[in-house]
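Data block below; observations after.
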Amino acid sequence: MNLNTDLISKGSLMAKKTFKAKQISTDLKTCAITQMNGMTRRDFLGGAALAAGMLTAPWPGHNITQAQVADEYRKRIEAAIPNKAFAAPRKNRKLLIFGLNVGYGGHGSIPTANLAFTLMGQKTGAFETVISKDPSVFKPDNLKQFDAVFLNNTVGNLFEDAGLRQSLLEFVYGGGGLLGVHGTTVAFTQWPGAIEDWPEFGIMLGARGANHYDSNEHVFIKLDDPEHPVNQPFDGKDFEYRDEFFRVHGPYSRNRLRVLFSIDTDKTKIDGQPRGNCFREDNDYALAWVRQYGRGRVFYCTIAHNHYVFWDPKMLQFYLAATQFALGDLQAPTIPSAKLTPAIRSQEKLNWRLGIEAYTFHKYTLFEAIERTAKLGLPYMGGLSFQKVSKEIDKNFDPTLTDEELKQIRLKLDSAGVRLLTYYYHDIPGDVAGCRKVFEFGRKIGLETFMSEPSPNALDTIEKFCDDYDINVALHNHDQKASPRYWNPEGIMKVCRGRSKRIGACGDMGYWMRSGIDPIKALNTLKDRLITVQMHDLNELSPEGHDVPWGTGAGRTKEFIEEIHRMGIRPTMFGLEYSYNWFESMPEIAQCIDFFNKMSMRLAKRG
């Protein structure tokens with residue numbers, strides 16, 4: 001995959017041959033390598049030899065060492081590295097850079113990127129790096145020391161051990177970061193041929209394939225999301241570039257990914273020999289994107305083939321922003337491009353997230369609830385421990401599920417473009433083993449916040465696990481009979497006194513109002529202890545009050561939302577819990593969504 005090194009003589013196609021290439025220029029626009037009567041390894045691979053399974057050995061120039069890169073390119077990289085980070089790290093960050101290739105000798109730019117990222121982390125203070133080619137680094141006990149993993153141009157089936165794969169998957173889904181560049185779209189495939197070996201990795205990353213034209217192809221690039229924080233180095237301006245640009249295929253979809261930039265097909269002239277299927281019916285050639293997989297922050301960009309990418313100041317700024325996003329320090333939206341509306345963009349500006357509480361659809365299965373949430377156009381939802389998973393998985397959505405069953409839930413959420421933010425588990429136990437089991441489940445399903453009504457005696461243990469797992473516990477209120485300790489805000493504030501901010505309130509507005517509690521007064525009592533909220537509007541302020549569309553009842557919904565905005569509170573989720581007319585409630589729920597959307601657009605415009 002390297003034009004600079006993948007040349008062999010036409011007269012000796014069956015044998016690896018050393019050569020001396022003439023470098024014309026290292027300038028970005030003219031960088032090329034020539035050789036009289038030569039042909040690229042790609043041209044050869046496109047012929048009969050590919051079917052014969054040949055050319056699996058490393059090729060000349062691929063085994064450039066870190067020292068060689070440092071001698072030749074270090075000064076260029078140092079001159080191009082950004083002076084400061086885009087965001088102050090919340091803690092000391094550690095990035096694992098993994099550069100193994102299997103069945104392929106590896107891109108020559110791998111050690112260049114290793115050095116650039118290492119120096120960039122050191123100069124800006126944003127992170128430190130550990131560079132490895134040893135798959136054992138993905139064992140859970142080893143992986144937990146890192147905040148993100150950078151798969152640096154990793155081609156081929158990096159490791160087949162099911163335990164290591166599960167460890168990487170759970171690391172990302174539970175809140176770790178994943179960065180990939182260029183050849184990472186064919187990681188965990190059998191190479192040559194890019195034969196799929198781990199489908200869920202492709203889903204997690206966002207795409208598959210390595211189809212391309214020349215390695216110094218000239219393309220015009222349009223910013224699909226000019227104001228996105230990761231795109232800020234480009235100052236909102238489209239640009240042109242030369243590199244080897246992959247045209248990816250499934251599972252790529254703008255319904256899954258937040259596309260940062262793509263090929264401007266109106267301006268770009270396609271030249272050169274295609275290697276693989278470079279055509280898409282939709283004419284959508286994304287080059288970089290971000291996404292959320294569970295709680296994990298995922299980034300990919302195809303621009304990483306040539307060395308000079310990693311001494312280009314703009315590209316290094318871009319990769320610094322992407323790395324800080326993956327590490328968790330640069331906050332950036334990830335709602336898929338196809339799902340963006342003016343209302344959702346307004347909610348992103350406010351840092352608000354509207355989602356369906358599973359109890360709204362608890363008379364359906366979890367899979368049916370996911371489908372209904374997607375049909376309503378919402379990207380978020382909550383979970384419920386006593387809801388059946390599906391017709392095929394006739395079990396409750398709880399910690400007894402197997403890894404394979406959890407996989408089916410992950411894939412269902414992903415295919416619907418819905419992310420699980422909260423989960424109701426009535427009584428988190430206070431014993432260490434029981435508490436760990438619940439939090440391990442929360443990590444595996446990518447939770448940010450548990451909603452629960454545990455015994456106050458369990459809170460010491462729960463608090464420790466909240467901090468260890470970076471998961472909140474929001475104490476839920478029913479009425480005084482069902483929740484004698486948590487039914488009012490004063491009770492919750494009492495048990496939270498002196499505790500971690502990860503323990504707070506899940507304010508159920510419906511039960512507040514039925515118990516005679518004014519939601520706005522409750523909000524001012526709880527303040528930043530309100531971790532998440534279950535929104536209701538009632539037809540009347542009495543124990544018999546039932547849900548009605550927001551803004552049409554007695555609940556002062558408009559004033560409540562305005563007060564949250566005034567106080568600067570950002571709940572895990574504005575949970576839409578509609579507990580009435582169970583099987584015919586979709587029109588009323590849609591009215592609630594419309595009400596919230598209009599309010600969020602108005603408040604975002606106000607600033």
Side-chain angles (χ1 to χ4, degrees), residues 90-91 174-175 295 328 351-353 355 357-359 380 382-385 398-399 420-480 482-509 511-512 515 517 519 521-535 564 567-575 577:
R90 293 191 294 115
K91 62 178 184 177
R295 202 174 173 185
N351 201 13
W352 286 359
R353 298 180 293 188
E357 294 288 6
Y359 193 72
Y380 303 113
L384 195 62
S385 62
D398 65 23
L420 197 71
L421 296 179
T422 63
Y423 175 87
Y424 184 84
Y425 189 95
H426 181 69
D427 187 5
I428 299 176
D431 66 287
V432 171
C435 196
R436 178 178 286 110
K437 183 177 181 180
V438 172
F439 274 82
E440 271 294 304
F441 174 73
R443 181 181 68 86
K444 287 184 177 184
I445 61 175
L447 283 189
E448 292 186 16
T449 297
F450 280 111
M451 301 174 290
S452 185
E453 299 183 40
S455 165
N457 295 330
L459 290 178
D460 286 346
T461 303
I462 289 172
E463 182 176 15
K464 180 180 183 301
F465 279 95
C466 284
D467 291 334
D468 288 349
Y469 280 78
D470 193 23
I471 296 176
N472 305 316
V473 169
L475 303 173
H476 181 270
N477 60 282
H478 285 98
D479 58 25
Q480 188 172 6
S483 306
R485 297 180 182 88
Y486 304 136
W487 73 279
N488 63 14
E490 290 77 14
I492 289 178
M493 291 300 290
K494 181 178 179 180
V495 299
C496 288
R497 190 173 297 122
R499 294 197 180 277
S500 165
K501 290 293 186 179
R502 295 198 177 282
I503 295 181
C506 166
D508 188 317
M509 291 177 63
Y511 278 104
W512 277 344
S515 300
I517 296 171
K521 289 183 179 179
L523 182 59
N524 280 274
T525 298
L526 293 168
K527 297 184 174 65
D528 61 355
R529 282 287 182 179
L530 182 72
I531 291 177
T532 194
V533 60
Q534 294 180 332
M535 298 280 293
I564 281 188
M567 296 176 70
I569 295 173
R570 297 177 175 86
T572 301
M573 188 172 80
F574 287 85
E577 187 170 75

Nearest 0.5 angstrom please: Glu453 CD to Arg485 CZ, how far? 10.5 Å
Least distance between heavy atoms, Trp512 atom then Asn477 atom: CD1-ND2, 3.4 Å
Please report the shortest heavy-atom distance between Ile569 and Pro571, naming the atom on each side. O-CD, 3.5 Å
Give me the atom names and distance for the closest heavy-atom approach of Met509 to Pro519. CE-CB, 4.0 Å
Measure up the Phe439 and Tyr469 rings against each other and bin them: parallel (under 30°), tilted (30 to 60°), perpendicular (over 60°). tilted
At what distance, to the nearest 0.5 angstrom, does CZ of Arg570 lie from CG of Asp528? 12.0 Å
Chi angles and distances behind the side chain to side chain contact (heavy atoms under 4.5 Å, CB included) call for Cys466, Ile503: CA-CA 8 Å; Cys466 284; Ile503 295 181; 4.1 Å; yes
Give me the atom names and distance for the closest heavy-atom approach of Gly430 to Ala458. CA-CB, 3.4 Å
Is the side chain of Ser452 donor-acceptor paired with the backbone N or O of His426 at a distance under 3.5 Å, no angle test? yes
May I ask you to check whether Phe441 and Tyr423 place their ring centers less than 6.0 Å from one another? yes
Only one of Leu421, Thr572, Thr422 passes side chain to side chain contact (heavy atoms under 4.5 Å, CB included) with Tyr380; say which it is. Leu421
Point-to-point distance, once rounded to the nearest 0.5 Å, from CE of Met451 to OG of Ser385: 9.5 Å
Taking it one step at a time, do Val495 and Tyr486 satisfy side chain to side chain contact (heavy atoms under 4.5 Å, CB included)? CA-CA 9 Å; Val495 299; Tyr486 304 136; 3.9 Å; yes
Value rounded to 0.5 Å, distance of CG in Leu384 from CG in Asp398: 10.5 Å
What are the two closest heavy atoms between Pro489 and Ile517, and how far apart are they? CD-CD1, 4.1 Å
Side chain to side chain contact (heavy atoms under 4.5 Å, CB included) for Leu447 and Leu420? Distances and angles first, verdict last. CA-CA 7 Å; Leu447 283 189; Leu420 197 71; 4.0 Å; yes
With a sphere of 6.0 Å drawn around NZ of Lys521, does it hold more than 12 non-hydrogen atoms of other residues, nucleotides or ligands? no
Might you point out which heavy atoms bring Ile428 and Cys435 nearest each other, and give the distance in Å? CG2-SG, 4.0 Å
Would you check if Val432 and Phe465 make a side-chain contact, meaning some heavy-atom pair closer than 4.5 Å? yes
Quick note, salt bridge (charged side-chain N to carboxylate O under 4.0 Å, His left out) partners involving residues 463-475, not counting sequence neighbours, are Arg295-Asp470, Glu463-Arg499, Lys464-Asp468, Asp467-Arg502, Asp470-Arg502
Could you tell me which residues satisfy side-chain hydrogen bond (donor to acceptor under 3.5 Å, both in side chains) with Thr532, sequence neighbours excluded, listed by chain and number? none
Would Met573 and Glu357 satisfy side chain to side chain contact (heavy atoms under 4.5 Å, CB included), going step by step from the backbone distance to the final call? CA-CA 9 Å; Met573 188 172 80; Glu357 294 288 6; 3.8 Å; yes
Do any N or O atoms from the side chain of Ser483 and from the backbone of His478 form a donor-acceptor pair under 3.5 angstrom? yes
Side chain of Ser455, backbone of Asn457: donor and acceptor closer than 3.5 Å? yes
Residues Lys437 and Glu440 bridged, charged N to O under 4.0 Å: no
Distance check, rounded to the nearest 0.5 Å: Cys506 atom SG versus Ile492 atom CD1? 8.0 Å
To the nearest 0.5 Å, tell me how far Ile564 CD1 sits from Trp352 CH2. 6.5 Å
